[in-house]
Participant: 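One structure is given below, represented as C-alpha cells, and several questions about it will come after.
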Number of protein chains: 2
Amino acid sequence: MEFNEAKAQFLQTWGALGSQWGINKTMAQIHALLMISPDSLSMEDVMEELQISRGNASMNLRGLIDWGIVYKEYKPGERREYFKADQDVDSLARKIAVERSKREIKPALRVLEGVKNFDETDESPEALKFKMKTQELHDFVNKADTMLEKIVNQKENWITKTIMKLMT
Amino acid sequence: MEFNEAKAQFLQTWGALGSQWGINKTMAQIHALLMISPDSLSMEDVMEELQISRGNASMNLRGLIDWGIVYKEYKPGERREYFKADQDVDSLARKIAVERSKREIKPALRVLEGVKNFDETDESPEALKFKMKTQELHDFVNKADTMLEKIVNQKENWITKTIMKLMT
DNA sequence: TTAAAGTTTCAGTAATTATTGAAACTTATT
DNA sequence: AATAAGTTTCAATAATTACTGAAACTTTAA
C-alpha cells in the first residue's frame, strides 16, 4: 500500500466514523486532512484535496472552528487564511464531548424535567408508568452526563487516567 | 400540561435524541413508546400511536429486536405478536454501547491498523506525519473502546458505580 | 386445503440533509 | 477610489436516508 492509497482510505474511514457519530462526513474529512498535514492548509488546498466546492469548504471549516477544534492561521506577508487542526487528540475528544453535552444532552434533560411531572392529579396506570419511566430516564441521562463531565475534567490524558481508575 | 401533551413531547424529544446518536428517529420513538407502555403493544398499536405505516413499523421493530432491546411476546390464545421493551435502562444503555462498539468502533480500528503502517520505506514528511497521527488516533480510539468495555462490564448500575469510582 | 389473520419485503416516493456555484461581501493593495 | 484577492452566503440541486403501501409470504385453524 502506498501513501496516497493509505491516505484516501483513512480520510474515507474517518469521514464514515464522523457521520455515525453525528458530525457530517465532509466536516470529519476536512478535520482528518488537517490533522495529518504537516503544514496548515488554505481553503484552496482543502477544496483541491477533497474535491469539494468552495461553499462547502467554507461552511465546514467554520463549523470546525465553532467546535473549537480547528484554528485560523495567518502567514506573514500572505493574504489568504490557513487552517490548522488542534494537534492534541485528547483535547479534541474533550472538546467534542463538552460540545455535544451542551448541544444535545442538556436540552434533552430540560425537556425530560418538564415532562416528568406533568399533572400531579392524573393517576391512571398510563400516567403513573409514564412518570416512573421518564424519571428513570432523566436520572440515567443525568448520570451519564455527569460521568462524561468527570471523565473530561481530568486535566490531561483523561482516557488513560480514567482507565487506570477503573482498573481497581 | 396533560398526559397526551407530555407524552407527545417525550416521544418527540426521545426521537430527536435518538437520531443525534445514530439511531433513526422512528426506531427511537417506537422504543420510547414501548418503554412507557404499561402493557406490551401490537404492531397495530404502534402504527396507530405513531401514525406510521405497517412497513415502517415492521422494519423498525425488527431493528429494535436486532439491537436486543425489544422482545416479542405471545399472549395465550392470541394470534398476533406483542412487543415489549427491555424495562431496565441500565441494560438498555449497556446493550447499545456494546452493539455500537461492535458495529462501528471495531471496524474503524481495523482500518486504522491497516493504514498506519502502509509503506515502511516511505519517509517523506507527509508520510511520517501520517504514520504518527494515525498511530495516535488508533491508540486513542482503542483506549476509548477499552474504557467503554470496562464501564459496561461492571455488572449492574454501572453508571452509578463508575461515577463512584471516579469520585476519588 | 382453503381461508383468514398476521407479517415481511421492497420498489417507488417523500423528506431530509449536504453540496454546489455564483453573487454579494470584505479587506488589502495600487 | 478602483481593482484584485479572498471569503461568505444562500437559493437551487443533488445525494442520502426514511417511509409508504401493496403484493408476497407465513402461520394457524376450520
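Per chain, numbering begins at 1; letters A, B, ... match sequence-line order. Reckoned from all heavy atoms, side chains included, excluding hydrogens, waters and symmetry mates.
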Participant: Quick check: is B:Leu64 connected to B:Tyr82 through a chain of hydrophobic side chains (ILVMFWY, heavy atoms under 4.5 Å apart)?
Facilitator: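 In one cluster with B:Tyr82: B:Leu64, no.
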Participant: In this structure, how many angstroms lie between the C1' atom of D:dA18 and the CD1 atom of B:Ile52, rounded?
Facilitator: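 Going from B:Ile52 (CD1) to D:dA18 (C1'), I get 11 Å.
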Participant: What nucleotide among C:dT19, C:dG6, C:dT7 has an atom nearest to a side-chain atom of B:Arg54?
Facilitator: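 Selected nucleotide: C:dT7.
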Participant: Scan residues 31-51 of chain B against DNA chain C and write down, sorted by residue number, each residue with any heavy atom closer than 4.0 Å; if none is found, say none.
Facilitator: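 Under 4.0 Å from DNA chain C: B:Met43.
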Participant: Step by step, would you call A:Glu149 with A:Lys106 a salt bridge (charged side-chain N to carboxylate O under 4.0 Å, His left out)?
Facilitator: CA-CA 12 Å; A:Glu149 256 167 39; A:Lys106 297 256 154 53; 3.2 Å; yes
Participant: Using the side-chain hydrogen bond (donor to acceptor under 3.5 Å, both in side chains) rule, collect all pairs that involve residues 131-141 of chain B, keeping only residues at least two apart or in two chains.
Facilitator: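 Found A:Gln87-B:Lys133, B:Glu113-B:His138, B:Lys133-B:Glu136.
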Participant: CE of B:Met27 versus P of D:dC19: gap in Å, rounded?
Facilitator: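 That distance rounds to 10 Å.
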Participant: How close or far is atom P of C:dG6 from atom CD of B:Glu81, stated in whole angstroms?
Facilitator: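 Distance check: B:Glu81 CD to C:dG6 P gives 11 Å.
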Participant: Among D:dC10, D:dG21, C:dA4, which is the nearest nucleotide to the side chain of A:Met59?
Facilitator: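 Given the options D:dC10, D:dG21, C:dA4, the side chain of A:Met59 is closest to D:dC10.
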Participant: Out of C:dA18, D:dC19, C:dT20, which nucleotide sits closest to the side chain of A:Thr26?
Facilitator: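 Between C:dA18, D:dC19, C:dT20, the one nearest the side chain of A:Thr26 would be C:dA18.
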Participant: Using atom OH of A:Tyr82 as one end and atom C1' of D:dG6 as the other, report the distance to the nearest whole Å.
Facilitator: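 Result: 12 Å.
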Participant: Identify every side-chain donor-acceptor pair in residues 3-13 of chain B under 3.5 Å, counting partners at least two apart or on other chains, and give the distances.
Facilitator:
residue	atom	partner	partner atom	Å
B:Lys7	NZ	B:Glu49	OE1	3.4
B:Lys7	NZ	B:Glu49	OE2	3.0
B:Thr13	OG1	B:Gln9	O	2.8

Participant: Please report the distance, rounded to the nearest Å, between CD1 in B:Ile65 and P in C:dT8.
Facilitator: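 Taking CD1 of B:Ile65 and P of C:dT8, I get 8 Å after rounding.
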Participant: With nearest nucleotides of DNA chain C determined for A:Ile23 and A:Gly55 from heavy-atom distances, which residue corresponds to the more 5′ nucleotide?
Facilitator: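 Closer to the 5' end of DNA chain C: A:Ile23.
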Participant: Please state how far atom CZ in A:Arg79 lies from atom P in D:dT3, giving the value in whole angstrom units.
Facilitator: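 That distance rounds to 16 Å.
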Participant: Quick check for you: to the nearest 0.5 Å, what is the distance between A:Lys155 atom NZ and A:Asp90 atom CG?
Facilitator: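 Answer rounded to 0.5 Å: 13.0 Å.
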Participant: So, is A:Ser58 near the phosphate of D:dT8, with a side-chain N or O under 4.0 Å from OP1 or OP2?
Facilitator: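 Indeed, a polar side-chain atom of A:Ser58 lies that close.
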Participant: Whole-Å distance between C:dT16 C1' and B:Gln20 CD?
Facilitator: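 Whole-Å distance recorded here is 15 Å.
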Participant: OP1, OP2 of C:dG6 versus side-chain N and O of B:Arg80: anything below 4.0 Å?
Facilitator: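 Answer is yes, contact under 4.0 Å.
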Participant: Please assess A:Glu99 against A:Lys102 for the test salt bridge (charged side-chain N to carboxylate O under 4.0 Å, His left out), listing each intermediate value before the final yes or no.
Facilitator: CA-CA 5 Å; A:Glu99 275 296 307; A:Lys102 195 165 74 191; 3.1 Å; yes
Participant: With distance as the sole test, does A:Asp145 use its side chain to make a donor-acceptor pair with the main-chain N or O of A:Met147 at under 3.5 Å?
Facilitator: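 No: the side chain of A:Asp145 does not pair with the backbone of A:Met147.
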Participant: Determine the contact category for A:Asn56: base if any of its heavy atoms lies under 4.0 Å from a base atom, sugar-phosphate if only primed atoms, P, OP1 or OP2 are that close, otherwise nothing.
Facilitator: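 Base contact.
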Participant: So which one's nearest nucleotide on DNA chain D is more toward 5', A:Lys25 or A:Phe83?
Facilitator: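 Taking each residue's closest nucleotide, the earlier one in sequence belongs to A:Phe83.
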Participant: Please tell me which of the listed nucleotides, D:dG6, D:dT20, C:dT19, lies nearest to the side chain of A:Asn60?
Facilitator: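 Selected nucleotide (nearest to the side chain): C:dT19.
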Participant: Rounded to whole Å, how long is the line connecting atom OH of B:Tyr74 with atom P of C:dA5?
Facilitator: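 Whole-Å distance recorded here is 19 Å.
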